[in-house]
**Q** 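The following block contains the structure, expressed as structure tokens.
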Amino acid sequence: MGMCKPLRHQRKDMQDLGEETAMSPRPSDLTSLIDRRKRRLWIQIEVLAALDQIVGQSRLSYDIQHFTDTSRKMFHLLLLASLVLLGQCREDFADRNGRVVGGTDVVKNSWPWQVTLQYLSGGYWYHTCGGSLIRTNWVLTAAHCVDWSATFRVGLGDHNLYQGDGTEQVIGVDKVIYHSRWDANNLASGFDIAVLRLASHAVLNQVVQLAYLPGDGAILPNDHPCVVTGWGYTDTYGSVSPILQQAPLPVVSHEVCSTNSYWGSTVKNTMVCAGGNGIHSGCFGDSGGPLNCQVGSGYYEVHGVTSFVSSLGCNAYLKPTVFTRVSAYIGWIFDQGPDPKWPRHPGPAGREVAYQVPAQSRRLVSLLHCKSDR
């Protein structure tokens, strides 16, 4: 029984991107805002996911006396979990973003489409989510990262959030567009996707490149090798990572992920699950960032936008990190304004590619071809 928790995080302040600063707690006004809106949501989805399992085992019986012993125990656990969650006031349960769990430091600038999304509060900039640069003036992220009133900017070419790397580009967000069917009170309904129009164009170079998106409707098979990246928590009750992290997350097919042993009916076919081995996962602060999936020799497409994890823990066993499936929203993305014709990459038509992930990062993905721990 794992309720889903969105992964946005507010933790780090910075006067200028890359300038060394100390971590500070999230401002109290934002804490109360997210606490009120999201604790109800997480409890709701936890209950729905658990009831889905109970109802499935009880053959739609509404009489608790007719439940199996297992179902009765699950029901008692559900009530206990609900009471605990209702009384939960930790800041961790109010965050929607996180850091990669079980990950390692990336080779510097090896994921050049990775974005840090930041908001302004009290004269300071705070990292809150990840994102992917899909056009020189467009960023792909999660709706729950930007469905509130704030001044946003993005950082490109960054590696260590607390140090100046000399490669950063900082650009303001001119317009926020999230899906019209996104419901902040029902994360499990899907549509957790947004695009950001930037105030100016990024300059492409060796450390800032465009992400490649999958074809419309593309579905990856079970155990397909992918990598999650982000500056989120390294464990459920940990802290953000100053250095960009990466971790291998093989795809869990919808047929598997929607079974009662995994997420049940909480996950929809417009989502993609990845991980679930109890070791690697996304976590608070990774929201909106990419699920990078290998489609060729060293080439990657962004197949997922980090959305939520289980309230049992970011890396709860058999509760994979859940992403918005990008290929389900290709039409919507380009309807908002980005040029649909560029960039291209190798595929059935032998299209050109401009960027190849360094060999050090490719070796990480090669490990995914080993037998899964699940």
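FYI, the numbering just counts along the sequence from 1. Side-chain atoms are counted along with the backbone in the values below, which use heavy atoms only and exclude waters and symmetry mates. Model, not experiment: these values are computed from the prediction.
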**Q** Where is the tightest heavy-atom contact between Cys226 and Val251, given as atom of each residue plus distance?
**A** SG-CG2, 3.6 Å
**Q** Sub-3.5 Å donor-acceptor pair from the side chain of Trp231 to the main-chain atoms of Gly130, do we have one?
**A** no
**Q** Working to the nearest 0.5 Å, report the span between OG of Ser132 and CG of Leu291.
**A** 10.0 Å
**Q** Determine the minimum heavy-atom distance between Ala218 and His303, stating which atoms define it.
**A** CB-CE1, 4.4 Å
**Q** Would you find a donor on one side and an acceptor on the other, under 3.5 Å apart, between the side chain of Lys319 and the backbone of Trp263?
**A** no
**Q** Please examine the side chains of Val195 and Phe334, heavy atoms only from C-beta on, and report whether any two atoms are closer than 4.5 Å.
**A** no
**Q** Any chance you could measure His224, atom NE2, to Cys293, atom SG, to the nearest 0.5 Å?
**A** 5.5 Å
**Q** Does His254 reach the main-chain N or O of Cys273 with its side chain, forming a donor-acceptor pair under 3.5 Å?
**A** no
**Q** Do side-chain atoms of Thr116 reach the backbone of Gly155 as a donor and acceptor pair under 3.5 angstrom?
**A** no
**Q** Compare every heavy atom of Pro338 with every heavy atom of Ile333, then report the nearest pair and how far apart it is.
**A** O-CD, 3.2 Å
**Q** Asp165 side chain to His159 main-chain N or O, any donor-acceptor pair under 3.5 Å?
**A** yes
**Q** For Thr104 and Gln246: C-alpha separation, side-chain torsions, deciding distance, then whether side chain to side chain contact (heavy atoms under 4.5 Å, CB included) applies.
**A** CA-CA 6 Å; Thr104 57; Gln246 62 184 13; 3.8 Å; yes
**Q** With rounding to the nearest 0.5 angstrom, report the OG to CG distance, Ser110 to Leu244.
**A** 7.0 Å
**Q** If you round to the nearest 0.5 Å, how far is CE of Met271 from CZ of Arg325?
**A** 11.0 Å
**Q** Are Ile177 and Leu213 connected in a single hydrophobic cluster, I mean Ile/Leu/Val/Met/Phe/Trp/Tyr linked by side-chain heavy atoms less than 4.5 Å apart?
**A** yes
**Q** Grab the two heavy atoms, one from Leu117 and one from Cys145, that are nearest each other, plus how far apart they are.
**A** CD2-CB, 4.1 Å
**Q** Under 3.5 Å, is there a donor-acceptor pair between the Trp182 and Asp147 side chains?
**A** yes
**Q** Hey, is the main chain of Thr167 close enough, under 3.5 Å, to the side chain of Gln169 for a donor-acceptor pair?
**A** no
**Q** Could you check Phe323 against Val228 for side chain to side chain contact (heavy atoms under 4.5 Å, CB included), going step by step and ending with a plain yes or no?
**A** CA-CA 10 Å; Phe323 302 80; Val228 64; 4.1 Å; yes
**Q** Which residue, Ile171, Leu156, Thr141, forms the side-chain contact (heavy atoms from CB on, under 4.5 Å) with Val115?
**A** Leu156
**Q** Do Trp111 side-chain atoms and Lys108 backbone N/O form a donor-acceptor pair below 3.5 Å?
**A** no
**Q** Taking side-chain contact (heavy atoms from CB on, under 4.5 Å) as the criterion, tell me which of Val139, Asn137, Ile134 meets it with Leu196.
**A** Val139
**Q** Locate the shortest heavy-atom distance separating Leu161 from Asp158; write the atom from each residue and the value.
**A** CD2-OD2, 3.4 Å
**Q** Check whether Tyr329 reaches the backbone of Phe191 with its side chain - one donor and one acceptor, N or O, closer than 3.5 Å.
**A** yes
**Q** Flag the pair Trp148 / Tyr119 as yes when their ring centroid distance falls below 6.0 Å, and as no otherwise.
**A** yes
**Q** For the hydrophobic clusters of this structure (ILVMFWY residues joined by side-chain heavy atoms under 4.5 Å, transitively), does one cluster hold both Tyr126 and Val176?
**A** yes
**Q** Would you say Ile219 ends up clustered with Leu249 if hydrophobic residues are merged whenever their side chains have heavy atoms under 4.5 Å apart, either directly or through other cluster members?
**A** no
**Q** Would Val173 and Val154 satisfy side chain to side chain contact (heavy atoms under 4.5 Å, CB included), going step by step from the backbone distance to the final call?
**A** CA-CA 7 Å; Val173 173; Val154 301; 4.1 Å; yes
**Q** Asn109 side chain to Pro112 main-chain N or O, any donor-acceptor pair under 3.5 Å?
**A** no
**Q** Just checking, is any N or O donor in the side chain of Ser307 or Asp192 under 3.5 Å from an acceptor N or O on the other one?
**A** yes
**Q** Check the angle between the aromatic planes of Trp332 and His179 and answer parallel, tilted or perpendicular using the 30° and 60° thresholds.
**A** parallel
**Q** Between CG of Leu210 and CG of Leu204, what distance do you get to the nearest 0.5 Å?
**A** 4.5 Å
**Q** Can any side-chain N or O of Thr270 pair as donor or acceptor with the backbone N or O of Ala328 at less than 3.5 Å?
**A** no
**Q** Measuring from atom OH of Tyr178 to atom CD1 of Ile193, what distance do you get when rounded to the nearest 0.5 angstrom?
**A** 14.5 Å
**Q** So, for Cys257 and Tyr262, which heavy atoms are closest and what is the spacing to 0.1 Å?
**A** O-CB, 3.3 Å
